[in-house]
Every structure is written in structure tokens, then in C-alpha cells.
Amino acid sequence: MSAALPRRRVAVLISGRGSNMTSLLAATKDPAFPAEIALVLSNRPDAPGLATARENGVATVAIDHKQHASREDFERVMQEALVAHNIELVCLAGFMRILTPWFVERWTGRMINIHPALLPLYKGLHTHERALADGVKLHGASVHFVVPGMDEGPIIAQAAVPVLDGDTPGTLGARVLAQEHVIYPLALRLLASGRLTVDGARVRTAGEAGETSALVAPQLA
Ligand code: GAR
């Protein structure tokens with residue numbers, strides 16, 4: 001039997017409830033998963049996800065951005081915490097602070113984000129409201145590498161869901177969130193195991209199945 005490869009040390013950055021963080025924690029409980037959550041960091045000391053992380057025995061750090069005079073000051077303290085915990089990869093999971101190029105460039109190719117829309121559609125906030133207002137029939141979620149532009153960067157994984165006639169932002173958002181919890185662990189697994197190659201805007205995945213079936217909406221009863 002070959003020795004297991006060391007698992008990559010991941011920090012998850014959150015601002016709120018942390019359901020994506022919880023999905024990553026669940027995936028990393030499998031000893032065969034190529035990464036472990038070594039730190040959960042929040043810019044909000046009251047983020048409910050911090051308690052969940054602690055209950056799971058994960059180190060947590062709260063760095064209140066309001067206690068720092070500038071974005072750069074705040075990020076410098078974050079960077080120190082990441083270095084102190086020997087972090088190799090960063091997952092943004094509902095981390096609601098815009099990051100400066102100074103910070104982003106320190107983590108090029110090693111920091112990923114989840115966004116509740118099929119990028120490059122609906123960057124920014126209120127994605128479910130905007131998808132409903134536009135009348136799209138498919139909506140979804142994306143995981144992408146972080147670059148200085150907000151919600152830009154090469155896309156690693158996406159999941160599409162149908163928009164149903166009776167949807168509200170709440171019901172649509174819940175359908176998207178369930179898929180976020182599927183694609184974020186998938187994207188981290190691919191990144192941590194070295195299976196991703198960035199080629200311009202495209203990310204190629206070693207071992208892609210080449211499946212070509214389509215999701216069509218509406219489906220008739
Ligand atoms: C998720 O839906 C995530 O995609 C979104 O915030 C939510 C966080 O939920 N992120 C963004 O909008 C970033 N642009 P969670 O705390 O339960 O993971």
C-alpha cells in the first residue's frame with residue numbers, strides 16, 4: 001500500500017452562516033480527500049459559522065475589519081494569520097469583503113471563490129432576484145479562481161438548476177445553495193489534487209468524463 005500524500009492545508013474565509021464551509025468540512029472528513037480545513041477565518045466576530053468550525057475542532061480566527069483603519073491593514077493581519085497557520089489554499093465561502101490586488105496576488109492560483117450564479121452572468125449581489133427579473137430558465141452557481149476583478153477569474157466548476165414558475169428568490173436560492181454544496185467540495189478536491197490547468201480564461205480538468213447530456217427547462221409533467 002502506498003503512503004497517503006500529505007493533505008493540503010486550507011483556510012476557509014467566511015462572513016456569515018458558513019453552510020459552504022460546513023460542506024467543505026464534511027468532505028474533508030474523508031481521509032482520502034486531498035485537503036484538510038486547517039483554519040476558518042471571519043471578518044465578523046459574530047459569524048455563526050465560527051461556532052460550527054469550533055464544534056468541529058477547527059482553529060478559528062476573527063479579524064474584525066471595522067477595527068482596521070484601511071483595507072490593506074485588515075488584509076495584512078489576515079495574511080499573517082494565514083502564514084502562521086501554514087495555509088496553502090484559500091476558499092472564500094460567503095466572505096463579503098472586496099479584496100485588494102495586494103492580497104489577491106499573494107494567492108494567485110491558490111484562492112477560489114463560490115458565487116451564486118452562472119458566471120459571467122450576475123456578478124455581485126442579489127443574483128437570485130436578478131435572475132428572476134430577467135426570466136432566465138436556468139440559473140446556478142460557480143466556483144472560480146480569484147483574480148483582482150470581483151467575481152471574475154477562470155471558472156473551475158458550475159452547476160445549473162431550473163428556474164420554476166413559482167420561484168421566489170428564496171426558493172431559487174435554496175435550490176442553488178444545495179448545488180453550491182456539491183460543487184465547492186468538488187472544486188477543492190480538483191485543485192488540491194493538482195488536476196486543474198489554467199489556460200487563459202479556461203480551466204482544464206484532468207480526467208474529465210466528456211459527458212455531453214443537457215439540462216433542459218422547462219421539463220413537462
Ligand atoms: C453563498 O450563497 C455564496 O455563494 C454567497 O454567499 C452565500 C454564503 O452562504 N457568496 C457570494 O455572494 C459572494 N459573492 P454560506 O455562508 O451559507 O456559505
Side-chain angles (χ1 to χ4, degrees), residues 10-29 35 37 39-56 58 60-65 71 74-75 78 89-101 103-104 107 111-134 136 138-161 163 167-188 191:
V10 175
V12 185
L13 274 48
I14 64 169
S15 297
R17 82 193 141 175
S19 75
N20 276 291
M21 173 209 73
T22 303
S23 79
L24 293 172
L25 269 174
T28 57
K29 293 245 156 87
I37 309 301
L39 178 68
V40 171
L41 186 156
S42 177
N43 65 309
R44 298 185 60 110
D46 58 352
L50 285 174
T52 313
R54 283 192 287 266
E55 283 157 19
N56 280 272
V58 176
T60 61
V61 173
I63 302 170
D64 187 348
H65 63 274
R71 238 174 243 286
F74 163 69
E75 290 180 353
M78 271 205 318
L89 302 173
V90 174
C91 291
L92 306 182
F95 185 70
M96 304 312 259
R97 296 299 297 164
I98 290 175
L99 297 167
T100 69
F103 185 81
V104 170
W107 293 95
M111 178 159 62
I112 62 180
N113 178 46
I114 186 144
H115 183 71
L118 289 173
L119 292 172
L121 287 174
Y122 309 124
K123 295 172 182 170
L125 299 176
H126 310 300
T127 57
H128 311 312
E129 286 85 345
R130 288 153 63 204
L132 287 171
D134 282 348
V136 295
L138 294 173
H139 183 47
S142 308
V143 180
H144 63 96
F145 283 108
V146 177
V147 298
M150 193 184 62
D151 298 328
E152 293 180 359
I155 295 167
I156 298 166
Q158 293 187 303
V161 301
V163 179
D167 268 336
T168 63
T171 59
L172 180 56
R175 193 172 308 119
V176 170
L177 188 66
Q179 295 308 313
E180 294 185 39
H181 298 161
V182 173
I183 61 171
Y184 215 177
L186 166 66
L188 178 59
L191 175 64

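In each ligand, atom 1 is the first atom listed, and ligand 1 is the first ligand listed. What's counted below: heavy atoms across the whole structure, side chains too, no hydrogens, waters or symmetry copies.
Sorted by chain and number, the heavy-atom contacts of ligand 1 below 4.0 Å come from R17, G18, S19, N20, G94, M96, I114, H115, P116, D151, L177, E180.
Panel note: side chain S142, backbone A117; a donor-acceptor pair is recorded below 3.5 Å.
Listed by chain and number, the residues in a side-chain contact (heavy atoms from CB on, under 4.5 Å) with T22 are T52 (sequence neighbours excluded). With sequence neighbours excluded, the residues forming a side-chain contact (heavy atoms from CB on, under 4.5 Å) with P116 are T127, H128, V176, E180, listed by chain and number. Every side-chain contact (heavy atoms from CB on, under 4.5 Å) that R97 has, sequence neighbours left out, goes to N43, H65, R71, F74, F95.
At a threshold of 4.5 Å between non-hydrogen side-chain atoms, the residues N113 and M150 do not count as touching.
Neither side chain, D151 nor Y122, offers a donor N or O lying under 3.5 Å from an acceptor on the other.
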